[in-house]
Amino acid sequence: MFFRCQFFLRAVTFKGSLCPTFCFAMATGVAAWLPFARAAAIGWMPVANCPMPIAPRDNSRKQDELIILNVSGRRFQTWRTTLDRYPDTLLGSSEKDFFYNEETKEYFFDRDPDAFRSILNFYRTGKLHYPRHECISAYDEELTFFGIIPEIIGDCCYEEYKDRKRENLERLQDDQEENKDLKQPNLNFRETMWRAFENPHTSTLALVFYYVTGFFIAISVITNVVETVPCGTTTNQKDMPCGERYTVAFFCIDTACVMIFTVEYLLRLFAAPSRYRFMRSVMSIIDVVAILPYYIGLVMTNNEDVSGAFVTLRVFRVFRIFKFSRHSQGLRILGYTLKSCASELGFLLFSLTMAIIIFATVMFYAEKGSSSSKFTSIPASFWYTIVTMTTLGYGDMVPKTIAGKIFGSICSLSGVLVIALPVPVIVSNFSRIYHQNQRADKRRAQKKARLARIRIAKSGSANAFLQSKHNGLLNELLELTGSEEDEQKLIKSISLLESQHHHLLHCLEKTTAHEFVDEQVYEQNCLETALQTYPSHSPSIASHDSPAVTCCGASGKKNTPLPNANLPLANPVPSHRGPLQELSALHIQSADPLSHTSSRSNLNLRTDESKRVNCKSGRITTAIISLPTPPALVPDADGLHGPPQRRPPPLLGHTAAPSIQTTTSSAGTNIVKVSAL
Amino acid sequence: CGVVLKNQTDSVEDELELSAVRHRPEGLEQLEAQTRFSRKELQILYRGFKNECPSGVVNEETFKDIYAQFFPQGDASTYAHFLFNAFDTDHNGSVSFEDFVMGLSILLRGTVQEKLIWAFNLYDINKDGYITKEEMLDIMKAIYDMMGKCTYPVLKEETPRQHVEVFFQKMDKNKDGVVTIDEFIDCCQNDENIMRSMHLFENVL
């Protein structure tokens, strides 16, 4: 029994050292409505079958007084109860006593009075607003000083606050990165190379590499262009393009460029932190497409049949110009905006196509009659329509009939409209979509954080109640065992508001004869009831008390079986209690290094286990123990000490936990959850 | 020094402005006479009330929201609906400060008889003077809804119905399937638990 108490104490003092978490689940006005909710609880009384718990006493019945807050000379006054609504903050807790000035009987804060206005309004209205003229870091400092969490900023101001905060953070990050670049920690060679490739300004070598590759891209593009220029006549041949005249020279230049590009690509591939991701990126595809024709050409030079295809491949060499996008930020932005406006462009194309088809058909039929008409078919008229609508007017195809001329003029007039109208729309779409994308991403990220906030607040308030129940149980436990100072340590001072709220929830529990439990415990219970429907091993499972009896039974038995039930649990020999022991051992082991929210649920788990052991000593334990044994085994009907005979040797020791997982099939997931705590 | 608030009946303009309903309560002295609260208590109550509902009245949606904040694990909206009807004595769809304070006065400062009558009124959904099993079942389901899903022992489908059966067995003396107000009050006065719990919230406020 003392063993178990020590575990409790260790777990709770660990938890007690953490600061209390989100109590802002209860907003301002709601605190004022608590008396009403409690009064309305009288509606449950005639229905309840169990006696109600005693209400917490309001010992501090002092009158509501005005207190004066002097912030750098500006005096604010408010009721004491207004400030008491948020006991987690500086003004709501006893922390403000540090700032009390005895002579002037007021609380003096040496802070910014303008920012203090919004902080005091938070207490008054329950909503925290962000004044837009304030600097974001100054405001954050004030919030931190007064112990208010920024997440509770109201919806009206939250987006603005987050935007400003992110801008500030980015600015700070940019500053930090510049500093970081100056003083680099020891990166390995590969990371240095990658950094050099991505940010050419980091070192001189990177800069040199950057310019060299840029130069070679330019050379390559110029070479491709000049190759086709006629270079002047030789004595016996007509004008040849320079490429055919100085084949060797051009081939050398091409080889040199491709060498450089290949080396660069391989180096980037080597330095990339994630090679797979690098190979899928657009820039690397452009690199590959730029150098591939050369190698294909090397392989295929001897074959004359495919030289036509080879020539076509040379066209791809022009893609080298896209390699410039690494060197130009503007190109990258253009590519991105084109990509994001693809639907608008598509619509423009579609409407143009419709207009072209309509007018081409009309022109074809209008010009059908005239002789030597160039409008031989509708597709042939497409060319005329496009040239006319875009107001190019080459003049290679002109209508000759009067009807054709009329329709031709209509075509050119409507061409102006059809082309001119969507273009500003697309331009404005560019900017709209660009900004919209940015804002949508922002909002999505904020929404996730907000939902998490709300969920945490809700579960925080629910957990607070379960936690206080656990504390209540602990207090009783310590009354039995002991020492005064332990008890003093444990009696956590929760505010009157919280204790009244918890009392209300407790009354509801008594009315319905059911208890609030944690999610994990609930799922474990579901698991147990599911297993109880299997051909039961122990006879005691069959009887199932009605909830009313259980409730009163539990409250009656709370004090007595505690010492008895603790005895087998405290026994460190693993052969006795099997998985129950191992489960609780796992809980106790894992209670320490966890964060406070999960340790809280751990404690709840243990509390409820102990409670269950109190109320239904034989029943629950056999239910748990029946888990790992397949139905084929013959059960032993006894209560507490049944398992040792049933337990086969391989299940001894800590390896029992994984074996539990493997033997049960459908219950496997739940067991994993519990034992993985 | 007291604050004297003018009495303002809902004029025609107020009825037309659906979005901006304003209501001022009767004077402090009148409320003091009608309820069992002291001046200071009324001031505190009104400040809290007005803070949460600046327009001076609570409609059912706000009422449900407020009540739901106390029961984060379950769904308190059905019970809040019944409570709202119990507080809205003139059935005009909104609870004004007078309704609020009258109800609280009965619940916190009334005699046991008055409290029991109030509870009977709450259970009697159609206010016909009889509590039928269906009405009680609705109320019971609403109460159990507030518990939510994660309870111990696990809530079953028939738990509310069983609870209603127990209730009727206790309360319905002449076994006619309905509980009248006299049966209700008699039975509650004979039940020690219920009597004790009626005094539970007397030190609230």
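- More than 12 heavy atoms of other residues, nucleotides or ligands lie within 6.0 Å of CD in B:E158, so this atom counts as buried by the packing criterion.
- Side-chain atoms of B:Y79 and A:W44, non-hydrogen and from C-beta on, do get closer than 4.5 Å to each other.
- Listed options B:K149, B:M198, B:M140 were ranked by heavy-atom pairs under 4.5 angstrom with chain A; first place goes to B:K149.
- Across all non-hydrogen atoms, the minimal contact from B:K170 to A:P46 is NZ-O, 4.4 Å.
- Among B:F49, B:Y67, B:F120, B:Y123, the residue with the largest count of heavy-atom pairs under 4.5 Å with chain A is B:Y123.
- In this structure, CZ in A:F36 is found 11.5 Å from CG in B:L45, a value given to the nearest 0.5 Å.
- With a 4.5 angstrom heavy-atom cutoff, B:V166 touches chain A only via side-chain atoms.
- The shortest distance between side-chain heavy atoms of B:F71 and A:L504 falls below 4.5 Å.
- Ranked by heavy-atom pairs shorter than 4.5 Å toward chain A, the options B:W118, B:F100, B:F82 are led by B:F100.
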Kindly determine whether B:M147 and A:E515 satisfy side-chain contact (heavy atoms from CB on, under 4.5 Å), including the steps that lead there. CA-CA 8 Å; B:M147 289 295 292; A:E515 291 169 11; 5.8 Å; no
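- Only the side chain of B:V58 comes within contact range of chain A, with heavy atoms under 4.5 Å apart.
- When all heavy atoms are compared, the tightest approach of B:S197 to A:M45 is CB-SD, 3.3 Å.
- Using a 4.5 Å heavy-atom cutoff, the side chains of B:M136 and A:V47 are in contact.
- Considering every non-hydrogen atom in both A:I42 and B:K115, the closest pair reads CD1-CD, 3.8 Å.
- For chain A, the nearby part of B:F63 is the side chain; its heavy atoms alone come within less than 4.5 Å.
- When B:I139, B:D191, B:L155, B:L83 are compared by the number of non-hydrogen pairs under 4.5 Å with chain A, B:L155 comes out ahead.
- In this structure, B:T159 and A:H514 have side chains that are in contact, with non-hydrogen atoms separated by less than 4.5 Å.
- In terms of heavy-atom proximity, A:A39 sits nearest to B:L104 at CB-CD2, 3.5 Å.
- Heavy-atom contacts from other residues, nucleotides or ligands closer than 6.0 Å to OH of B:Y130 number 12 or fewer.
- Put simply, CD on A:Q500 and CZ on B:F70 are 10.5 Å apart, with the number rounded to the nearest 0.5 Å.
- Expressed to the nearest 0.5 Å, how far CD of B:Q69 lies from CG of A:L34 amounts to 11.5 Å.
- Using a 4.5 Å heavy-atom threshold, the side chains of A:E523 and B:C150 count as separate.
- Proximity to chain A involves both the backbone and the side chain of B:I143, based on heavy atoms less than 4.5 angstrom apart.
- Counting heavy-atom pairs closer than 4.5 Å to chain A, the top residue among B:Y144, B:F184, B:F87, B:F167 is B:Y144.
- Crowding of A:L66 atom CG: a count of heavy atoms from other residues, nucleotides or ligands under 6.0 Å exceeding 12.
- Taking CG of B:L108 as the start and CZ of A:R38 as the end, the distance is 9.0 Å to the nearest 0.5 Å.
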